[in-house]
Amino acid sequence: NQWEFGTLMPGETKTIEVSGIAQDQGTARSCLVVDFKPSLCNQFQIVKPDIELDREVVNAEGQPIDQAFACDEIYLVYKLTNTGTGTTQQATIKEDLPQDLKTQQEGQDVNLKVEKLSSGETVERRVALNPTDALFFDSRATATTGKLTVHSGNGSVQIMKPELAVNIDGPNREYLGRPLQYHITVRNTSDAPALDTVVRLNAGGNLHNMTVSRQQIEREGNTFRIGRLNAGESREFSVTFDAQEPGKVTNEVTATAYCAADKTATVATNVEGIPAVLVEVIDRTDPVRVGENTTYEINVKNQGSAEDLNVKLSGKLPPEMEFVSGEGDTQVSGNGQNVNFGTIKALPPGEVVSWNVRAKANETGKTKFRLELTSDATRRPAIEMEPTTLF
């Protein structure tokens, strides 16, 4: 026989009474079997997340690099992959950077948060670097999620920052009308190549008739294109030009190169003019009859490039003649054969002062009117004579 009790709740008891009639004498045996079917079955899938971290340094085009200039676009690229099963917890990527290497977004070190990753999912993070100096760094990153910690492989990068030095040599003093020559040297003082090196010369408005000593240097106006300078390499050349007026000429040279700080050097030259005073005298009447007058026209011109000071002119008539009168840019006085023209305080370049002196012929003869000029620039007298025939 079989009886069904249905569902037994926890602690519950159900009773059934069974009765029967024996058909014969002897030993009776009864067996009871209880059986049940489970009411709930659960199945669990065991998963094991795992992560992998790749790290590399790339340029602006995304190409891996092991060398770059400090002003290049440089990026750290991290790729975090869930290589296991299941979903990871939130992950953190960290990397300690050298003191002279900062990130544009993060500051000194890298600290990135990555959300949960599904199995097989990869997340990429890019960090822009901002080097402040030349350096070499060899580092690796660490990713942590839950109890999982992994390291990337080591990667080394050489950051280059070239440095320049520039110098200009020239005269401290020169005279107007003579060419000014300056020697320029530019040197790469670093261990990195200096690319696209350029030297610019600024001499105000005095860059006239410039010539360059080395024809292989490409010149555009006052710009000289040097090109590549390897570590420790230098380039030298000379420039020559004319100054247009006296005064102080300040020459400034500036050297530039890719990723290098500009360097400047100066030299000053005092351009001085030279006074050059010329005396000219002619007689309006020649020959002169005894008892009559002739007039001497006298001009003094500064044909130099600088002002002359304290210009003094005096004259000496021959014994056969005597002073009559005179006038001009200064007061003229005379006594017998002596003629005095006073002093010109300042005679600028190109200026002319003039006088007329009348003299009387007293005796016959071949004579000469003698003029002497002195000034601050003409310490030894300049002498001019005008011959006149008296009859």
Carboxylate-amine/guanidinium contact Arg358 Glu327, below 4.0 Å:
yes
Over all atoms of both residues, closest heavy-atom pair of Ala70 and Cys259:
N-SG, 3.6 Å
Cut-off 3.5 Å, side chains only: do Glu115 and Gln90 have a donor facing an acceptor?
yes
Between Asn338 and Asn340, does the side-chain hydrogen bond (donor to acceptor under 3.5 Å, both in side chains) criterion hold? Intermediate values first, please.
CA-CA 7 Å; Asn338 296 317; Asn340 191 339; over 6 Å; no
More than 12 heavy atoms of other residues, nucleotides or ligands under 6.0 Å from NZ of Lys14: yes or no?
yes
How would you list all residue pairs meeting side-chain hydrogen bond (donor to acceptor under 3.5 Å, both in side chains) that involve residues 137-147, not counting sequence neighbours?
Glu95-Ser139, Thr142-His151
From the options Val288, Val324, Leu390, select the one residue that forms a side-chain contact (heavy atoms from CB on, under 4.5 Å) with Thr294.
Val288
Should Asn299 and Ser354 be marked as a side-chain hydrogen bond (donor to acceptor under 3.5 Å, both in side chains) after you check the CA-CA gap, both sets of side-chain angles, and the distance that decides it?
CA-CA 4 Å; Asn299 294 310; Ser354 302; 2.5 Å; yes
Work out which heavy atom in Asp109 is nearest to a heavy atom in Leu97; give both atom names and the distance.
OD1-N, 3.0 Å
Between Arg219 (side chain) and Gly221 (backbone), is there a donor-acceptor pair under 3.5 Å?
yes
Would you confirm whether Asn335, through its side chain, and Val339, through its main-chain N or O, come within 3.5 Å as a donor-acceptor pair?
no
Quick check against the 3.5 Å criterion: does Thr197 have a side-chain atom that pairs as donor or acceptor with the backbone of Ala194?
yes
Looking at Phe391 and Pro287, what are the two nearest heavy atoms and their distance?
CD2-CB, 3.6 Å
Under 6.0 Å from the six-membered ring centre of Tyr75 and within 45° of its axis: does the NZ or CZ of Arg126 meet both?
yes
Check the pair Met321, Asn362 against side-chain contact (heavy atoms from CB on, under 4.5 Å), reporting the backbone distance first and the verdict last.
CA-CA 5 Å; Met321 304 184 73; Asn362 292 327; 5.8 Å; no
Under the side-chain contact (heavy atoms from CB on, under 4.5 Å) criterion, do Val186 and Ile226 qualify, and how do the steps go?
CA-CA 9 Å; Val186 57; Ile226 308 301; 4.3 Å; yes
Can you confirm whether Gln331 is buried at CD, in the sense that more than 12 heavy atoms of other residues, nucleotides or ligands lie under 6.0 Å from that atom?
no
Under 4.5 Å between any side-chain heavy atoms of Glu174 and Gln181, yes or no?
no
Heavy-atom distance under 4.5 Å between the side chains of Asp329 and Val300, does that happen here?
no
Are side-chain heavy atoms of Val311 and Asn302 found at a separation under 4.5 Å?
no
Might you work through the side-chain contact (heavy atoms from CB on, under 4.5 Å) test for Val199 and Thr254, ending with a clear yes or no?
CA-CA 6 Å; Val199 175; Thr254 301; over 6 Å; no
Pair listing, salt bridge (Lys or Arg N to Asp or Glu O under 4.0 Å) test, anchored in residues 293-316, at least two apart
Arg284-Glu297
Got a sec: does the CD of Glu292 have more than 12 other heavy atoms crowding it under 6.0 Å?
yes
Determine whether Phe69 and Pro193 make a side-chain contact, defined as any pair of heavy atoms from C-beta on separated by less than 4.5 Å.
yes
Would you say the side-chain atoms of Ser375 pair up with the backbone N or O of Ala377, donor to acceptor, closer than 3.5 Å?
yes
Would you say that Ile184 contacts Val239 through its side chain, given a criterion of any heavy-atom pair below 4.5 Å between the two side chains?
yes
Here the pair of heavy atoms bringing Val253 nearest to Leu201 is CG1-CD1, 3.6 Å
Criterion side-chain contact (heavy atoms from CB on, under 4.5 Å) against Leu101, the qualifying member of Leu76, Leu135, Thr132:
Leu135
Are Glu220 and Arg225 ion-paired here, with the side-chain N under 4.0 Å from a carboxylate O?
yes
Measuring from atom CD of Glu384 to atom CG of Leu313, what distance do you get when rounded to the nearest 0.5 angstrom?
10.5 Å
Within the 3.5 Å criterion, strictly below it, is a donor on Asp283 or Thr285 matched to an acceptor on the partner's side chain?
no
Compare every heavy atom of Pro162 with every heavy atom of Ala260, then report the nearest pair and how far apart it is.
CB-O, 3.3 Å
What's the spacing between Asn310 CG and Ile344 CD1 if we round to 0.5 Å?
10.5 Å
Salt-bridged, Arg187 to Glu233, with N to O below 4.0 Å?
no
Check this for me: Asp191, atom CG, are more than 12 non-hydrogen atoms of other residues, nucleotides or ligands nearer than 6.0 Å?
no
Are Ser238 and Tyr182 packed together at the side-chain level, in the sense that at least one heavy-atom pair is separated by less than 4.5 angstrom?
no
Whether the side chain of Lys116 engages the backbone of Thr87 through a donor-acceptor N/O pair (distance < 3.5 Å, no angle test) should be reported.
no
Look at Glu163 together with Lys161 and state whether they make a salt bridge at an N to O cut-off of under 4.0 Å.
no
I'd like to check Thr388 versus Lys368 (side-chain heavy atoms, cut-off strictly below 4.5 Å). Are they in contact?
no
From Phe369 atom CZ to Ile298 atom CD1, the distance as rounded to the nearest 0.5 Å:
4.5 Å
Under 3.5 Å, is there a donor on one side chain and an acceptor on the other for Asp72 and Tyr258?
yes
Assess the residue pair Ser190 and Asn188 against the criterion (side-chain contact (heavy atoms from CB on, under 4.5 Å)); give the C-alpha distance rounded to whole Å, side-chain angles, the decisive distance to 0.1 Å, and a yes or no.
CA-CA 6 Å; Ser190 69; Asn188 180 358; 2.8 Å; yes
Rounded to the nearest 0.5 Å, what separation is found between the OG1 atom of Thr189 and the CG atom of Leu229?
10.5 Å
Residue pair Tyr78 / Val123, side-chain heavy-atom distance below 4.5 Å:
no
In terms of heavy-atom contacts, Thr92 and Lys113 come closest through OG1-NZ, 3.1 Å
Verdict with supporting geometry, Asn230 and Arg228, side-chain hydrogen bond (donor to acceptor under 3.5 Å, both in side chains)
CA-CA 6 Å; Asn230 292 320; Arg228 179 188 178 106; 2.6 Å; yes
I'd like to know whether CG of Asn154 has more than 12 heavy-atom contacts from other residues, nucleotides or ligands below 6.0 angstrom.
yes
